[in-house]
Amino acid sequence: MDIKETLEKAIEEAARAAISDGVFPDGELAKIVLEVPPQKEFGDFATNFAMQSARVFRMNPRKIAEELSARIQGDWLDHTQIAGPGFLNFYLKSNVVYDSFRRILEAGEAYGQLPAKEMDTIQVEYVSANPTGLLHVGHGRGAAAGSALVNLLRAAGYPVESEYYINDAGNQMDNLARSVNARYLELLGRNVEFPEDGYHGEDIIDTAKRIIAKDGNRYLDMSEEERLEIFKDLAYKEKLAVLKEDLEAFQVTFDKWFSERTLHPEAIHEAVQVLRENGTIYEKEGALWLKSTDYGDDKDRVVIRDNGVPTYLAADIAYHRNKLERGFGKIINIWGADHHGYVCRVRAAISALGYDASKLEVLLLQMVSLYRSGELVKMSKRTGQSITLNELMEEVGTDAARYFFLMRSLDSQLDFDLDLAKKKSNDNPVYYIQYAHARICSIFRQAEEAGKVLSENPQLELLQDETETALIKKIEEYAEEIEKAAKEYAPQRIARYAYELAGLFHSFYNKCRIMGVDAGLAEARLALVTVTAHVIRHSLGILGVSAPEKM
RNA sequence: GCGUCCGUAGCUCAGCUGGAUAGAGCAACGGCCUUCUAAGCCGUGGGUCGAGUGUUCGAAUCACUCCGGUCGCACCA
């Protein structure tokens with residue numbers, strides 16, 4: 001049992017004891033919240049429980065705190081103090097901190113991996129960009145956020161499966177085929193008009209070039225129809241392969257790639273049939289409409305058009321039905337904020353299908369703005385993109401790109417400063433953290449040369465400097481931080497934690513030496529930096545950022 | 001018009017399930033390299049927490065209204 005749980009239990013028992021002593025009125029207890037006080041003069045932990053209870057007990061909060069304090073004792077407690085309007089501050093025996101640090105040291109590489117939680121698998125679906133072009137920075141943020149969330153949930157012990165939904169059916173595929181076709185004919189000297197709503201990116205030209213390089217002009221004499229069919233398939237496969245490759249380079253992989261095509265037409269028909277049977281779909285003006293207004297949507301939505309072709313929503317209804325039938329306990333979708341209007345209707349569809357809509361959690365990612373030399377990087381008018389994820393990785397590196405995408409809350413707009421991301425100095429948080437790790441590795445190298453090895457049983461009590469105790473306490477918070485960040489789906493908390501931990505290490509490093517101090521102290525410090533390096537590595541691992549041994 | 005998200009130091013942002021003097025980094029200024037990586041450390045200055053009202057013993061935090069910005073409001077995907 002960790003120290004916080006011990007404290008919580010002690011507070012609760014004290015409150016119950018006071019109730020049975022007749023000092024507090026019987027009733028439900030307020031929630032016990034423990035926090036690390038803003039200043040260390042206020043002790044190791046503090047609770048506002050007495051203040052929270054003031055209303056319930058109809059008593060002066062300081063009086064409540066006194067009664068509690070009189071009933072709390074344990075070998076872990078040095079003393080308590082009542083402060084301010086009724087805070088109860090706890091000062092722990094110093095061995096408590098060292099004992100719990102020793103357990104972390106003994107856990108070694110396992111520290112940071114929380115015990116497996118027994119529950120249904122959580123599915124995280126993200127990126128899911130159309131395989132019609134290259135990924136841009138918006139997808140990059142989604143990719144970083146999704147993969148980090150998956151890593152985070154796994155570290156917290158949740159069973160997780162990641163998935164990419166490939167929109168490989170419908171208009172956009174035809175469009176891709178037409179665009180490649182136009183480029184193909186163009187390159188072979190034919191005079192063609194480029195489709196108005198076609199994909200204008202350079203990558204389409206590259207695809208056409210590769211087709212020519214491989215197969216020459218053998219598709220030239222076919223009928224347009226035949227050629228489009230072939231190009232659709234060729235282009236799509238190539239686009240998907242490039243996508244996978246680029247994502248892998250960005251440290252992003254998926255457990256499952258789900259093809260939209262597999263939903264056409266049976267799964268969609270089945271889903272529509274279910275809705276028809278339970279009366280949540282109706283016909284109007286030749287089309288089939290989902291009664292989404294019954295579930296809080298502004299208006300009903302077309303599912304099957306009057307020409308019989310299903311809408312995008314139809315596929316999504318079938319897709320979400322498929323997900324739910326696979327038995328996930330929770331399905332998390334990471335979408336761009338520009339899709340927020342879509343959330344309501346998908347929820348409506350899930351309810352209409354008879355499932356629990358609260359199983360769906362949609363995380364909306366706000367937009368990314370790129371800045372170079374203080375100027376907003378404008379989007380290209382023609383392609384509607386600014387720079388691709390690939391170009392970004394090339395310019396600032398994968399580590400910096402991932403960290404920058406992850407350092408802000410998902411629902412804040414992100415200003416991505418390209419110059420800062422490239423800087424190799426203390427302005428750049430990525431290097432600041434990585435540098436801490438590299439410094440520790442350097443210490444290890446030299447310790448090894450000097451013949452120092454990690455002691456089996458270091459005297460941790462020798463770590464008395466305030467930079468040392470601050471570092472120890474921060475490391476002890478890590479497991480809880482993972483738990484919280486996972487619960488909030490907030491990978492940015494880990495980004496911040498890693499940064500703060502690195503800061504505490506740098507302070508320690510500047511103040512305390514390892515080589516050339518008394519052997520016992522050196523051993524204890526070596527143990528401290530071993531754990532520090534591990535936690536930095538672990539947290540960067542969640543973020544998908546590397547932890548170099550040398551810089 | 002309706003809805004989303006955001007508004008905290010000159011800049012970029014933490015803090016938001018209400019609590020003790022509102023925190024970082026950058027920028028500005030002043031220090032620290034003959035010993036483990038100065039991509040580092042230590043210090044100084046800097047804030048009507050967008051505005052208002054309400055709830056509360058207590059509000060940056062909750063509720064409502066307003067202001068500013070953002071993205072969206074298709075039988076497109």
Side-chain angles (χ1 to χ4, degrees), chain A residues 31 33 35 37-39 41-42 46-48 51-52 54-55 60-61 83-87 89 129-130 132 167 169-173 175 197 260 284-289 298-299 301-316 336-344 364-367 369 371 374 407-415 417 420 423-436 438-447 449-450 467 488 492-493 496 499-500 502-503 505-517 522 525-526 529 550-551:
Chain A
K31 197 178 165 210
V33 178
E35 56 179 19
Q39 281 153 78
E41 295 82 72
F42 294 134
T47 183
N48 62 356
M51 283 128 81
Q52 296 297 347
R55 212 164 310 166
N60 180 323
F87 285 103
N89 297 335
N130 292 344
T132 54
N167 296 125
N171 276 338
Q172 73 277 14
M173 281 294 113
N175 212 337
D197 52 353
E260 183 192 340
K284 191 180 90 183
E285 294 157 5
L288 276 184
W289 298 69
D298 312 334
K299 50 184 278 193
R301 307 289 171 177
V302 172
V303 177
I304 307 288
R305 299 185 182 93
D306 52 13
N307 62 8
V309 177
T311 61
Y312 184 77
L313 178 62
D316 248 351
D338 51 343
H339 285 68
H340 84 262
Y342 203 73
V343 177
C344 193
L364 293 171
L365 275 184
Q366 294 298 318
M367 300 289 130
S369 306
Y371 287 85
M407 65 191 206
R408 300 278 171 256
S409 146
L410 307 185
D411 46 29
S412 294
Q413 288 162 42
L414 179 67
D415 289 335
D417 184 336
L420 177 59
K423 253 193 195 170
K424 302 201 166 181
S425 76
N426 56 350
D427 325 2
N428 188 336
V430 195
Y431 288 102
Y432 185 80
I433 301 167
Q434 292 182 321
Y435 186 48
R439 271 181 153 178
I440 296 174
C441 292
S442 172
I443 294 170
F444 290 151
R445 284 191 292 272
Q446 301 196 28
E449 261 174 49
T467 61
E488 294 173 21
Q492 73 275 8
R493 290 189 67 128
R496 175 156 293 273
Y499 184 78
E500 287 167 356
F505 167 76
H506 285 308
S507 293
F508 158 78
Y509 181 89
N510 271 270
K511 203 168 164 202
C512 302
R513 290 193 52 81
I514 290 169
M515 313 298 287
V517 297
R525 285 183 174 163
L526 219 42
V529 298
K550 274 185 189 169
M551 284 173 77

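Order of the sequence lines sets the chain letters (A, B, ...), proteins ahead of strands, with each chain counted from 1.
- For the pair A/Asn130 and B/rA77, the criterion of a side-chain N or O lying under 4.0 Å from OP1 or OP2 is not met.
- When the P atom is compared between B/rA14 and B/rG7, the two are found 7 Å apart, to the nearest whole Å.
- Among residues two or more places apart in sequence or in another chain, the side chain to side chain contact (heavy atoms under 4.5 Å, CB included) test is passed with A/Asp338 by A/Met367.
- A/Glu285 comes within 4.0 angstrom of a nucleotide base, judged by non-hydrogen atoms across all strands.
- Using the Watson-Crick or G-U wobble rule with both distances under 3.5 Å, B/rC64 pairs with B/rG52.
- Here A/Arg513 lies in heavy-atom contact (under 4.0 Å) with a base.
- Note on A/Ala447: nothing from the nucleic acid sits closer than 4.0 angstrom, heavy atoms only.
- Taking atom C1' on both B/rG23 and B/rC73, the two are 38 Å apart, rounded to the nearest angstrom.
- Nucleotides B/rC75 and B/rC71, compared at atom C1', are 24 Å apart to the nearest Å.
- Of the C1' atoms belonging to B/rC6 and B/rG45, the separation is 29 Å, rounded to the nearest Å.
- When each of A/Arg408 and A/Val309 is assigned the nucleotide of RNA chain B bearing its nearest heavy atom, the one mapping closer to the 5' terminus is A/Arg408.
- With B/rC75, B/rG19, B/rC41 as the choices, the nucleotide that has an atom nearest any side-chain atom of A/Asn510 turns out to be B/rC41.
- Taking atom P on both nucleotides, B/rC2 is separated from B/rC64 by 14 Å, rounded to a whole Å.
- Put simply, A/Phe87 does not rest on the base of B/rG19: the two rings are not both less than 5.5 Å apart at their centres and under 30° in tilt.
- With the nearest nucleotide of RNA chain B identified for both A/Arg445 and A/Leu313, A/Arg445 has the one nearer the 5' end.
- The aromatic ring of A/His339 sits over the base of B/rA77, with ring centres less than 5.5 Å apart and planes inclined by under 30°.
- Side-chain N/O atoms of A/Asn89 and base N/O atoms of B/rA20 include a donor-acceptor pair closer than 3.5 Å.
- In terms of phosphate contacts, A/Ser507 brings a side-chain nitrogen or oxygen within less than 4.0 Å of OP1 or OP2 of B/rC42.
- Atom CG of A/Asp316 is separated from atom P of B/rC75 by 15 Å (rounded to the nearest Å).
- Between A/Ser412 and B/rA14, a side-chain N or O to OP1/OP2 separation shorter than 4.0 Å is present.
- Rounded to a whole angstrom, the distance from the P atom of B/rC67 to that of B/rA22 is 31 Å.
- Using a 4.0 Å heavy-atom cutoff across all strands shown, A/Gln446 reaches sugar-phosphate atoms only and no base atom.
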*Intermediate values then yes/no, side chain to side chain contact (heavy atoms under 4.5 Å, CB included), A/Leu420 and A/Tyr371*: CA-CA 10 Å; A/Leu420 177 59; A/Tyr371 287 85; over 6 Å; no
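- Within the 4.0 angstrom heavy-atom criterion, base atoms lie near A/Asn48.
- Contact annotation for A/Ala83: base contact, defined as any heavy-atom pair under 4.0 Å involving a base atom.
- Going from the P atom of B/rG15 to that of B/rC29 covers 31 Å, rounded to whole Å.
- For the side chain to side chain contact (heavy atoms under 4.5 Å, CB included) with A/Ser409, the qualifying choice from A/Arg493, A/Gln492, A/Arg496 is A/Gln492, the only one to do so.
- As rounded to the nearest Å, B/rU65 and B/rG19 have P atoms that lie 24 Å from one another.
- With A/Asp306 contributing its side chain and A/Ala287 its backbone, the two residues share no donor-acceptor pair below 3.5 Å.
- Nucleotide B/rC13 carries an anti base; the chi torsion (O4'-C1'-N9-C4 or O4'-C1'-N1-C2) is more than 90° from 0.
- If you check every strand for non-hydrogen atoms under 4.0 Å, A/Gln52 touches a base.
- With a 4.5 Å cut-off on side-chain heavy atoms, A/Asn167 and A/Tyr312 count as touching.
- Across all strands shown, A/Ser442 has heavy atoms under 4.0 Å from base atoms, whether or not it also approaches the sugar-phosphate.
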